[in-house]
There are 2 protein chains.
Amino acid sequence: MDSFTRLSRRPSLADDVSQKLSRMILEGDLAAGEQLPTEQSLAESFGVARTVVREAVSRLKHDGLVDSRQGVGAFVAEPSARSAFRISPACFEKRQKLLEILQLRTGITSEAAGLAALHRSDADIGFMEKSYRNMESSLLAGDEGTEKHLLAERAFYQRIAEASGNQYIKEFLSMLDTRIDMELRSVAIKNARVTEWSSEVLSEHMAVLEAIRRQDENAASQAVRYHYTLAAQRLADRADLADT
Amino acid sequence: MDSFTRLSRRPSLADDVSQKLSRMILEGDLAAGEQLPTEQSLAESFGVARTVVREAVSRLKHDGLVDSRQGVGAFVAEPSARSAFRISPACFEKRQKLLEILQLRTGITSEAAGLAALHRSDADIGFMEKSYRNMESSLLAGDEGTEKHLLAERAFYQRIAEASGNQYIKEFLSMLDTRIDMELRSVAIKNARVTEWSSEVLSEHMAVLEAIRRQDENAASQAVRYHYTLAAQRLADRADLADT
DNA sequence: AAAAACAGGTTGTCAGACAACATGGAGACA
DNA sequence: TGTCTCCATGTTGTCTGACAACCTGTTTTT
């Protein structure tokens, strides 16, 4: 694996069109039950070929955002028809929305911790201890250790999700964590560098580890909730998004 | 709205191809990093036009299952690149998988209840009381009331998700509940008709309502967890799926 | 009045062409 | 021998045009 990541490629036209259309639906510009313009008309409006529009609309259909009928047209579906959960860019544009997605993560991670307390192995504990020590030692490296610290923290909680023994919890958290880490990367880096609360954060992790070690379901769940609730506040404060 | 639903239409070829390809990826027949056959080759294998394959692959790209590079080919992505959470058909094929998706639902609904206890309005309580009464009275109607009972139960918990004040919890639960209700419909109907535990189930709902009424976050969370854990067992037992 | 046929419009699929990108190999040159 | 450039080949991304299949509303036939 290269130490440099491949430069990101331009999004395809289908990427652009599907993003614009789903945005219009999710923000209410196109209401449930409303008919989309015809494919030909969309192709003209976006200045692309009809096949590009079809690829984009195919994505929306797959997500349950749109329902098409041959010969009639495509219609915006009711929200209850949704068949995929995606982390919308809107999550990272307003403070309240950010707190809500972080709250969802807190709930599921808390659930994972409770389950991990019931199902964890000695190997899980060993791995978590190692990750904890990595978090600890990377703090001593100052700014240079920030990357390592964030990686160790991520590994710690990822292991908890695995120890939950629930595939879907694990997958969902993987998706959530990856996206949140990506969107809030610079924020998290700044927070990890604040020395005035780093020992407090470490003790939050330690409380999680100890609760899982002694297989105390409720304590594990509460410890994660405590840490993640504070972490969410810290992230939202640092991100400094508009309020509404 | 007609009292009869429109007959379901045949899935499109793109529906079929995307379902088959994603199945191959999710079941490990195509491993992360592995290259997919070329679009032309897939078109020939599936006996469809290349544009159909492109529409199907466009969906997989949108889900983060596949990453394509112009001029090179499409590759199965690492699981961490996933950008959507979908409820796979696999959830309903094996007992353990069913219990896991139900457990995920339990966790999030429990979280929603805790938040609802903090944020609920008098109108929320009023609505939940009405739904509770509907559950109660529909039980007296015997088999004829089963539909009403399930609707009232769904409305009760949907209101809790709304009262949580968290858009993403609400959306995620809407997706989960809709799908689970659809897949386990006949199972849930049979369970709703078992009179020997119906009063016990009603008291589980009442415990949820009372905890939210008195704004006791932990009691609400625990009451939902209690009900949903038992309900998951009942559903899984009745569904009688293979073990592995 | 009811049923059948027709016209027009839209989505679903197909086929073919070319642009844009990527990779590997051959040849030229220092 | 090592490095650089160019070319050939292969693949995805986009475009165009055509027709099948479906749907709806109107007109014609019974």
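Lettering follows sequence order; numbering is per chain, from 1.
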Quickly work out the [X] [atom1] to [N] [atom2] distance and round it to whole Å.
{"X": "A:Q35", "N": "C:dT10", "atom1": "CD", "atom2": "C1'", "result": "9 Å"}
{"X": "B:R54", "N": "C:dA19", "atom1": "CZ", "atom2": "P", "result": "17 Å"}
{"X": "A:E39", "N": "D:dC22", "atom1": "CD", "atom2": "C1'", "result": "13 Å"}
{"X": "A:F46", "N": "D:dC15", "atom1": "CZ", "atom2": "P", "result": "13 Å"}
{"X": "A:D15", "N": "D:dT14", "atom1": "CG", "atom2": "P", "result": "8 Å"}
{"X": "B:L42", "N": "D:dG10", "atom1": "CG", "atom2": "C1'", "result": "15 Å"}
{"X": "A:E44", "N": "D:dT14", "atom1": "CD", "atom2": "C1'", "result": "16 Å"}
{"X": "B:E55", "N": "C:dG12", "atom1": "CD", "atom2": "C1'", "result": "8 Å"}

Please check if atom [atom1] in [X] has more than 12 non-hydrogen atoms from other residues, nucleotides or ligands closer than 6.0 Å.
{"X": "B:K170", "atom1": "NZ", "value": "no"}
{"X": "A:R193", "atom1": "CZ", "value": "yes"}
{"X": "A:E144", "atom1": "CD", "value": "no"}
{"X": "B:R185", "atom1": "CZ", "value": "no"}

For [X] and [N], is the shortest distance between a side-chain N/O and OP1 or OP2 below 4.0 Å?
{"X": "A:S68", "N": "C:dG12", "answer": "yes"}
{"X": "B:R69", "N": "C:dT23", "answer": "yes"}
{"X": "A:R50", "N": "D:dC15", "answer": "no"}

Less than 3.5 Å apart, any donor N or O on the side chain of B:N191 or B:R238 sitting next to an acceptor on the other?
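Per modelled atom types, B:N191 and B:R238 side chains form a pair under 3.5 Å.
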Closest to the A:A49 side chain, choosing from D:dT12, D:dC15, C:dG12:
D:dC15
Can you find an N or O donor on one side and an acceptor on the other, under 3.5 Å apart, linking the side chain of B:Q70 with the base of C:dA22?
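No pair found.
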Between A:V48 and B:A74, name the one whose nearest nucleotide on DNA chain D is closer to the 5' end.
B:A74
Relative to the 5' end of DNA chain C, which residue comes earlier, A:V72 or A:T51, by the nucleotide with the nearest heavy atom?
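Between the two, 5'-proximity favours A:V72.
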